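Below: one structure, written as structure tokens.
Each chain gets a letter, A, B and so on, in the order the sequences are listed, and its residues count up from 1. All values reported here derive from a predicted model rather than from experimental measurement.
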Protein chains: 2
Amino acid sequence: MTLLQPIHRPSLHDQLVEQLRSYFTEGPLKPGEKVNEQALASAYGVSRTPLREALKVLASEGLLTWTPNRGVRMAEISAEGLAEVFEVLMALESLAGRRAAARMTEAGITAVATLQAQMEAEYEAGDISAYFRTNQAIHEAILQGSGNEALVATHRSLSGRVRRARFMANMSRTRWQHAIEEHREILAALTARDAERLAQLLAVHLEGKLRSLQETLPSGSG
Amino acid sequence: MTLLQPIHRPSLHDQLVEQLRSYFTEGPLKPGEKVNEQALASAYGVSRTPLREALKVLASEGLLTWTPNRGVRMAEISAEGLAEVFEVLMALESLAGRRAAARMTEAGITAVATLQAQMEAEYEAGDISAYFRTNQAIHEAILQGSGNEALVATHRSLSGRVRRARFMANMSRTRWQHAIEEHREILAALTARDAERLAQLLAVHLEGKLRSLQETLPSGSG
DNA sequence: ATCGTGCATATTGTATTCAAAATACAGAAT
DNA sequence: ATTCTGTATTTTGAATACAATATGCACGAT
């Protein structure tokens with residue numbers, strides 16, 4: 001172990017943004033529901049000032065809706081809005097796939113393969129929550145593998161807007177099965193470094209996700 | 001004139017974000033240069049609190065760099081960073097073009113044609129600043145024409161990161177000429193509603209812009 | 001009972017204050 | 001002269017205080 005290494009000191013701002021992001025995506029608030037500054041601030045044990053700064057960032061990402069003098073609400077997303085976001089995500093993931101097939105390290109591909117195995121186990125165990133996270137991790141790994149930071153950041157920010165919906169949606173067993181198979185193909189294309197096929201598969205995969213979302217939450221997605 | 005109409009009351013936050021955005025993209029600050037909170041706040045005649053909220057938003061968009069306890073600087077963008085952002089912009093504009101070709105109204109296409117004529121006049125007159133704005137307007141019109149708000153927003157946010165570089169770069173006469181011609185083809189494809197061709201042309205056009213940028217500002221882009 | 005009005009309360013927006021950290025600078029030691 | 005160290009100043013971070021706006025409720029008129 002090295003004795004001299006930089007001290008990692010995360011800023012309050014960054015911590016708040018991160019914590020709030022997962023609170024809003026995985027927490028109890030329904031779309032359209034009001035967020036109380038005061039309450040949140042005291043829950044986190046901070047003052048309203050840094051909290052508001054964090055909320056503004058999340059609102060600019062589209063996870064929250066800020067109405068002047070009326071406070072913050074969980075963003076509501078319509079079926080059309082969902083489709084719009086997915087259309088963009090498809091373009092982004094396709095690009096990422098195309099690049100990742102070319103640029104990803106062997107180690108990176110192995111890591112994806114490991115995640116895939118883990119995800120299949122979680123599927124067998126019926127642990128949907130774990131599956132959800134691992135699935136997310138695979139997509140992020142491919143994004144990272146593109147080697148394009150701007151792409152990663154753009155994707156992250158945009159996917160924030162649908163993460164809540166994704167998290168809430170309970171997939172049908174058949175869709176779940178299908179998603180697993182698609183992921184197998186994705187891994188295969190990545191291993192073969194077949195850029196065009198990978199790009200194509202990721203787009204199709206997202207299309208499927210969108211369909212499944214639109215089925216399970218056609219109205220009132222809380 | 002109608003006597004009863006909603007009162008438009010822009011929030012300080014929105015005004016600040018907007019004004020700061022154009023200040024940073026078109027103002028005197030060089031990439032990497034320090035931004036003084038105090039000074040900015042008193043220049044706008046507001047306190048630091050709302051100013052900081054606006055700065056955080058712009059930083060999350062990537063126009064500024066926020067370093068904890070060290071304040072805010074104009075973002076610096078490397079040649080690689082520029083290429084990364086353009087890679088994503090290409091994917092986004094291609095998608096926009098594909099959609100716009102299908103969905104844009106005839107009126108919208110006419111508007112683009114008008115802008116094109118205007119831009120050519122500005123080119124003839126050698127008014128590069130006007131050209132720059134009209135050019136921007138054309139691209140925005142196509143984005144809007146896609147009918148995908150998420151796409152528009154994502155593009156806007158991302159292009160903020162290179163707007164400064166774009167604004168600073170002075171194109172060579174030949175590149176300028178070439179860009180004008182590309183735009184003619186773009187208009188033609190849009191008029192013909194040739195989705196694939198439009199998508200392709202927009203990508204090529206951006207590729208050209210990137211090249212030209214990389215030539216004019218290979219190091220020290222202030 | 002229902003609708004409207006005015007007031008009390010709660011919430012949001014902004015400014016100010018205080019604390020913490022970084023920077024700039026002066027003086028001492030080599 | 002140069003480097004180091006300690007201190008003053010500046011700048012940033014966060015909390016508090018105050019102002020403005022919106023919300024909720026009670027009361028009165030119809």
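- For A:Gln15, the CD atom counts as densely surrounded, since its 6.0 Å shell holds more than 12 non-hydrogen atoms of other residues, nucleotides or ligands.
- Geometrically, A:Arg173 engages A:Tyr123 in a cation-pi contact defined by less than 6.0 Å to the ring centre and at most 45° from the axis.
- A heavy-atom distance below 4.5 Å is not found between the side chains of B:Leu198 and B:Arg98.
- Put simply, the residue from A:Arg133, A:Arg163, A:Arg164 that forms a salt bridge (charged side-chain N to carboxylate O under 4.0 Å, His left out) with A:Glu26 is A:Arg133.
- In terms of heavy-atom proximity, A:Gln118 sits nearest to A:Thr134 at NE2-OG1, 3.4 Å.
- Between the side chains of A:Glu140 and A:Gln144, no donor N or O sits under 3.5 Å from an acceptor N or O.
- Residues meeting the ring-ring contact (aromatic ring centres under 6.0 Å, His included) test with B:His205, sequence neighbours left out: B:His139, B:His183.
- Along DNA chain C, read 5' to 3', the first and last nucleotides having any atom under 4.0 Å from a heavy atom of chain B are C:dT14 to C:dT23.
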With the sugar-phosphate defined as primed atoms, P, OP1 and OP2, and the base as all remaining atoms, what B/S/- string results for nucleotides 9-16 of chain D, 5' to 3', for protein heavy atoms under 4.0 Å? --SBBSBB
